[in-house]
A.B. asks: 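Have a look at the structure that comes next, please.
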There are 2 protein chains.
Amino acid sequence: MPRQVREQQIIDVAVRVFAQRGYHAASVDEIAELAGISKPMVYLYLDSKEGLFLACLRREAARLVAAFQEAARGAGAAPDLRLHAGLAAFFAFVAAYRDSWVVLHRQASEPSERIAAAVADTRRAVMAEVAGLVKDGIDDVTGGEGRGARLGAEDADFVAHALVGAADSLTDWMERNPGQSPESVTVRLMNMVWVGMRGVLDGEVWLPDG
Amino acid sequence: MPRQVREQQIIDVAVRVFAQRGYHAASVDEIAELAGISKPMVYLYLDSKEGLFLACLRREAARLVAAFQEAARGAGAAPDLRLHAGLAAFFAFVAAYRDSWVVLHRQASEPSERIAAAVADTRRAVMAEVAGLVKDGIDDVTGGEGRGARLGAEDADFVAHALVGAADSLTDWMERNPGQSPESVTVRLMNMVWVGMRGVLDGEVWLPDG
DNA sequence: CAGTAAACTTACTGAACGGTAAGGTATCGA
DNA sequence: TCGATACCTTACCGTTCAGTAAGTTTACTG
């Protein structure tokens, strides 16, 4: 069995086990056994437990970002449609590869500096992607004319954070409402966020004192 | 030193250590030492590592839910003001007790059935609280008259999930933008969500095909 | 003062786990 | 046929860590 194939097999299993047990509770012995291989092979190919986890992280992060970017790129020029396509791709990805998402994001207290850095990088990449689309959307709606409220890059960043967090949480909601398709969830979320943003840009502010 | 005081001291330290290291990487030895006590005391009072973690979970969950409920209750009758107050209390809580929130929510792959159940219970409680306020808000705006779109309990649940997820993620945003007060974050979030919801209730739908 | 219960310690055990040393087999080019 | 290189194994080491046994001190009470 050639090395490249074996490596992918090991990573396949590792993503599953890390997602199920978490980094610390996962044991290399178990991963090796489930991969139908002995432990030293894992160390020969992936160097260490941390290296194995980083390999999982890198592969799944690349997959997710690629899915998002391709969807957004292939959705024409309108920012709302691009954001919609990106979010739809995200939900579809999470629905299809639940373990990947868990490994990427739910790895709470990071076990090492390098892993923490890798997770932060992924998060930053996703966030920048979303914030970019939101910013385009703001500029598109504002279109130079002075609308009610001015929203800038900082606001786009704020919305992006809210959006990504909402999407993550809605992952659970999808699991508990199995009738809902990723597509319908996406449209619902767009309705909340996009309509709200458009409203704010039109000057429809909400304030605690009326 | 009486038992009740010691127990709280131990839990204080444990919340810190669990938040920093995660459940598995945290060692009872370290917690005991930081609490200025020997390990068997921890086992005498809290039974086991799992028992210790459950005690942390229960105490911090009660604090958070209480803060949310009290704020909402003390904010008058208008649903938007109650939701605003609840969210403000949440952001203030997370800002003040960061470790509590990490222990409550970021404990990714749950180490045991009982802990998973406790985390799920907390999450359900918070979600029900938020969904209730959102539902009140929908009914308040709709007010019996037939507005553009009908939103029901399922929609309130959807919005609640999105809102809680957004709030969680905005926790990070707050950390990266230290100039922002919990109060300003709350108002911004309310503007996104409430204005969007009101817009949808007024029939302003967003659809992928124009 | 005797007794007893609560608060607290040192010192240990057994198991799990990350990582490695040493070596075995098979395939392929010279 | 003779390396040599890639693939793979068994068997082990050292450490960490949850959990416990046994005993000590302090303080209160009859």
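Just so we're clear, the structure is a prediction, and the values are computed from it rather than from any experiment. In what follows, chains are A, B, ... by sequence order, proteins preceding strands, each numbered from 1.
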A.B. asks: How many Å lie between CZ on Phe53(B) and C1' on dA18(D), as a whole number?
C.D. replies: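 Nearest whole value for this atom pair: 16 Å.
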A.B. asks: Test the Lys49(B)-Phe18(B) pair against the cation-pi criterion, namely NZ or CZ under 6.0 angstrom from the six-membered ring centroid and within 45° of the ring axis.
C.D. replies: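 The answer is no, since Lys49(B) fails at least one limit relative to Phe18(B).
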A.B. asks: Whole angstroms only, please: what is the CG-P distance between Asp47(B) and dT20(D)?
C.D. replies: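 Spelled out: CG on Asp47(B) to P on dT20(D) is 9 Å.
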A.B. asks: Let me see the working for Trp194(A) and His84(A) under ring pair (Phe, Tyr, Trp, His ring centres under 6.0 Å), right down to the final yes or no.
C.D. replies: CA-CA 10 Å; Trp194(A) 201 262; His84(A) 169 257; over 10 Å; no
A.B. asks: Round to the nearest Å and state the distance from Glu7(A) atom CD to dC8(D) atom P.
C.D. replies: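 Taking CD of Glu7(A) and P of dC8(D), I get 12 Å after rounding.
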A.B. asks: What nucleotide among dT10(D), dA21(D), dC17(C) has an atom nearest to a side-chain atom of Ser38(A)?
C.D. replies: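 From the listed options, dT10(D) comes nearest.
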A.B. asks: In Å and rounded to the nearest 0.5 Å, what is the CZ to CG distance from Arg59(B) to Leu57(B)?
C.D. replies: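 One finds 11.5 Å between CZ of Arg59(B) and CG of Leu57(B).
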A.B. asks: Is it true that Arg176(B) and Asp157(A) make a salt bridge, defined as a side-chain N closer than 4.0 Å to a carboxylate O?
C.D. replies: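 No salt bridge links Arg176(B) with Asp157(A).
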A.B. asks: Which nucleotide in the list dC7(D), dC8(C), dT20(C) gets nearest to the side chain of Arg3(A)?
C.D. replies: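 Out of dC7(D), dC8(C), dT20(C), the nucleotide with an atom closest to Arg3(A)'s side chain is dC7(D).
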A.B. asks: Would you mind classifying the nucleic acid contact of Ala32(A) as base, sugar-phosphate or nothing, using non-hydrogen atoms under 4.0 angstrom?
C.D. replies: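 Contact class for Ala32(A): none.
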A.B. asks: For the CG atom of Leu163(A) and the CE atom of Met192(B), what is their distance to the nearest 0.5 Å?
C.D. replies: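 Going from CG on Leu163(A) over to CE on Met192(B), the span is 6.5 Å.
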A.B. asks: Can a side chain N or O of Tyr45(B) be found less than 4.0 Å away from OP1 or OP2 on dA7(C)?
C.D. replies: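 Yes, within the criterion.
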A.B. asks: Starting from P on dT10(D), measure out to NZ on Lys39(A) and report it in whole angstrom.
C.D. replies: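 Atom NZ in Lys39(A) sits about 12 Å away from atom P in dT10(D).
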A.B. asks: Output the rounded distance in Å from CG (Asp29(A)) to C1' (dT9(D)).
C.D. replies: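 From Asp29(A) CG to dT9(D) C1': 14 Å.
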A.B. asks: Got a sec, which residues hit ring-ring contact (aromatic ring centres under 6.0 Å, His included) with Phe93(B), two or more places apart in sequence or on another chain?
C.D. replies: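 Phe93(B): ring-ring contact (aromatic ring centres under 6.0 Å, His included) contacts with Tyr97(B).
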A.B. asks: Quickly work out the Ile31(B) CD1 to dG19(D) P distance and round it to whole Å.
C.D. replies: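 Rounded to the whole Å, the gap is 12 Å.
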A.B. asks: Which is more 5' along DNA chain C, the nucleotide nearest Met41(B) or the one nearest Val28(A)? Just name the residue.
C.D. replies: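 The 5'-side residue here is Met41(B).
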A.B. asks: Is Arg6(B) near enough to dC8(C) that one of its side-chain N or O atoms lies under 4.0 angstrom from OP1 or OP2?
C.D. replies: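 For dC8(C), OP1/OP2 do have a side-chain N/O of Arg6(B) under 4.0 Å.
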A.B. asks: Have a look at Leu44(B) and say if it touches a base, only the backbone sugar-phosphate, or nothing, with a 4.0 Å heavy-atom cut-off.
C.D. replies: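 Touches nothing.
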A.B. asks: Can you name the residues that form a ring-ring contact (aromatic ring centres under 6.0 Å, His included) with Phe158(B), not counting sequence neighbours?
C.D. replies: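 Listed in chain order: Trp173(A).
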A.B. asks: Rounded to whole Å, how long is the line connecting atom CE of Met1(A) with atom P of dT9(D)?
C.D. replies: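 So the CE-P distance, Met1(A) to dT9(D), works out to 11 Å.
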A.B. asks: How would DNA chain C look in dot-bracket form, 5' to 3', counting Watson-Crick and G-U wobble pairs with both distances under 3.5 Å and writing | for bases paired to another strand?
C.D. replies: ||||||||||||||||||||||||||||||
A.B. asks: Give the rounded distance in Å between these two atoms: NZ of Lys49(A) and P of dA16(C).
C.D. replies: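 Nearest whole value for this atom pair: 15 Å.
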A.B. asks: With a 4.0 Å cut-off on heavy atoms, is Pro40(A) in touch with a base, just the backbone sugar-phosphate, or nothing at all?
C.D. replies: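 Base contact - Pro40(A) has a heavy atom under 4.0 Å of at least one base atom.
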